There are 2 protein chains.
Amino acid sequence: MTQITPSAAPAHEGGAACPMDYILRMLMGPWTTYIVYNLRTYGPQRFGELKRRVAGISAKMLTERLRTLEGAGLIKRDYEATIPPKVTYSLTPRGHELDEVLEKLAEVAIRWQSEDRANKGAELKAA
Amino acid sequence: MTQITPSAAPAHEGGAACPMDYILRMLMGPWTTYIVYNLRTYGPQRFGELKRRVAGISAKMLTERLRTLEGAGLIKRDYEATIPPKVTYSLTPRGHELDEVLEKLAEVAIRWQSEDRANKGAELKAA
DNA sequence: CTCGACAGTTACGATTTGGTACCTACTGGT
DNA sequence: ACCAGTAGGTACCAAATCGTAACTGTCGAG
């Protein structure tokens, strides 16, 4: 995974900053938010479905991300030992708490995007 | 920087997911949130001050992160060509929009942390 | 009888990353 | 005279990361 907090101690001075480390370490994986986003938008999905949806991710990465998210308790893995095996991933309640944050983030992102578009338009007009 | 969206097309199906890419690409840098957090908590700071505060970061990383954040318009760099030079970094209004999100995130992070502590305690008691 | 799908795992290899050490140029302290 | 600090830049190198390709085992389809 991406190394967020380095080998050296992350410092605890702030106090409030520390819990963030944990949460950020997960969200920061390359595809993580994409996966959570998909799980939340399209509901529980199977491995192959998810892989097709996230388009571009390798099976390896997807597996790794899913394991990480599962380990963090954000998603649930339902394995049915049928032949062929059926594995369904879904967000846990804890996972859903996260998309509150993602929504806020998206809100800001969208605002910035439209602001940038507006500025660009204004600049072009002024020039 | 950490590669969030891979070489392959990030897919635009969702529509709402795309602006996030931009914003996440920044936040996901190793120390990024730490820096923003410090800037917001302790106010505008000079390079060395920040470096001491973030404790463990190398000058190289700090410089790189600050440049990225500056380029994204999240922080402002005030260079006074005194001897010795004095460079002060501060959050821009746009940067402050972000810490709304960080607060929400911290909120969740703190909740999880206390939940985990509670669970741990319960488990120990049950055992 | 061979091929594809399912849900992965493993090995290998290239790229990227981030740390360390060393450099700038100037000043103030001892 | 020499060292520390200010704000970095640069080169090199080890380590981590991520993609690709090949493998697991069983089933149904062709």
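What you see is a predicted model; the values in this text were computed from it and never measured. Each chain gets a letter, A, B and so on, in the order its sequence line appears, and its residues count up from 1.
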Check your understanding: Rounded to the nearest Å, what distance is computed from the CH2 atom of residue B:Trp31 to the C1' atom of nucleotide C:dT17?
Key -> 14 Å
Exercise for review: Mind calculating the distance between CE (A:Met61) and P (C:dG8) to the nearest angstrom?
Suggested key: 15 Å
Point to revise | Separation of C:dG8 C1' from A:Ile57 CD1 (nearest whole Å) | key: 13 Å
Exercise for review: Figure out the NZ/P separation between A:Lys51 and C:dC6, and round it to whole Å.
Suggested key: 11 Å
Point to revise | Donor-acceptor contact below 3.5 Å, side chain B:Thr92 vs main chain B:Lys76 | key: no
Revision key, fill the gap. The answer to which of A:Ala59 and B:Phe47 contacts DNA chain D further toward the 5' end, by nearest nucleotide, is B:Phe47
Point to revise | Proximity to the side chain of A:Ser58 - top-ranked nucleotide from D:dG8, C:dG8, D:dT20 | key: D:dT20
Review point. Can we say B:Glu107 and B:Lys104 salt-bridge, meaning some charged N sits less than 4.0 Å from an Asp/Glu carboxylate O?
Key: yes
Practice item. Give a yes/no on whether any side-chain N or O of A:Arg65 is located under 4.0 angstrom from OP1 or OP2 of C:dG8. Key: no
Practice item. Measure from the side chain of B:Thr63, starting at C-beta and using heavy atoms only, and say which of C:dT20, D:dG9, D:dT6 lies closest. Key: D:dG9
Point to revise | Beyond-backbone contact of B:Leu105 with A:Leu27, side-chain heavy atoms, under 4.5 angstrom | key: yes
Review point. Does B:Tyr79 put a side-chain nitrogen or oxygen below 4.0 Å from OP1 or OP2 of D:dT6?
Key: no
**Study point:** B:Lys51: partners by salt bridge (charged side-chain N to carboxylate O under 4.0 Å, His left out), with sequence neighbours left out
**Key:** none
Practice item. Return the set of residues passing salt bridge (charged side-chain N to carboxylate O under 4.0 Å, His left out) with B:Glu80 (not counting sequence neighbours), or none when no residue passes. Key: none
**Study point:** Whole-Å distance separating the CD1 atom of A:Ile75 from the C1' atom of C:dA7
**Key:** 14 Å
Practice item. Tell me what B:Lys60 touches on the nucleic acid: a base, only sugar-phosphate, or nothing, going by heavy atoms under 4.0 Å. Key: base
**Study point:** With sequence neighbours excluded, residues passing salt bridge (charged side-chain N to carboxylate O under 4.0 Å, His left out) with A:Lys86
**Key:** none
Practice item. For each nucleotide in nucleotides 22-30 of chain C, reading 5' to 3', give B when a protein heavy atom comes within less than 4.0 Å of its base, S when such contact involves only the sugar-phosphate, and - otherwise. Key: ----SS---
Practice item. Starting from P on D:dG5, measure out to CD on B:Glu49 and report it in whole angstrom. Key: 15 Å
Exercise for review: Can you tell me the distance, in whole Å, between the CZ atom of A:Arg52 and the C1' atom of C:dA7?
Suggested key: 12 Å
Practice item. Spell out, as yes or no, whether a donor-acceptor pair under 3.5 Å connects the side chain of A:Ser114 to the backbone of A:Arg111. Key: yes
Review point. Cation over ring, B:Arg46 on B:Tyr89, under 6.0 Å and within 45°?
Key: no
Point to revise | Consecutive Watson-Crick or G-U pairs in runs of at least 3, all under 3.5 Å, in which DNA chain D is involved | key: C:1-30 with D:1-30
Check your understanding: To the nearest angstrom, how far is A:Leu50 atom CG from C:dC6 atom C1'?
Key -> 15 Å
**Study point:** Partner set under salt bridge (charged side-chain N to carboxylate O under 4.0 Å, His left out) for A:Arg77, not counting sequence neighbours
**Key:** none
Point to revise | B:Gln45 (side chain) donor-acceptor with B:Arg53 (main chain) under 3.5 angstrom | key: no
Check your understanding: Taking only side-chain nitrogens and oxygens of B:Arg46, does any of them come within less than 4.0 Å of OP1 or OP2 of D:dT6?
Key -> no
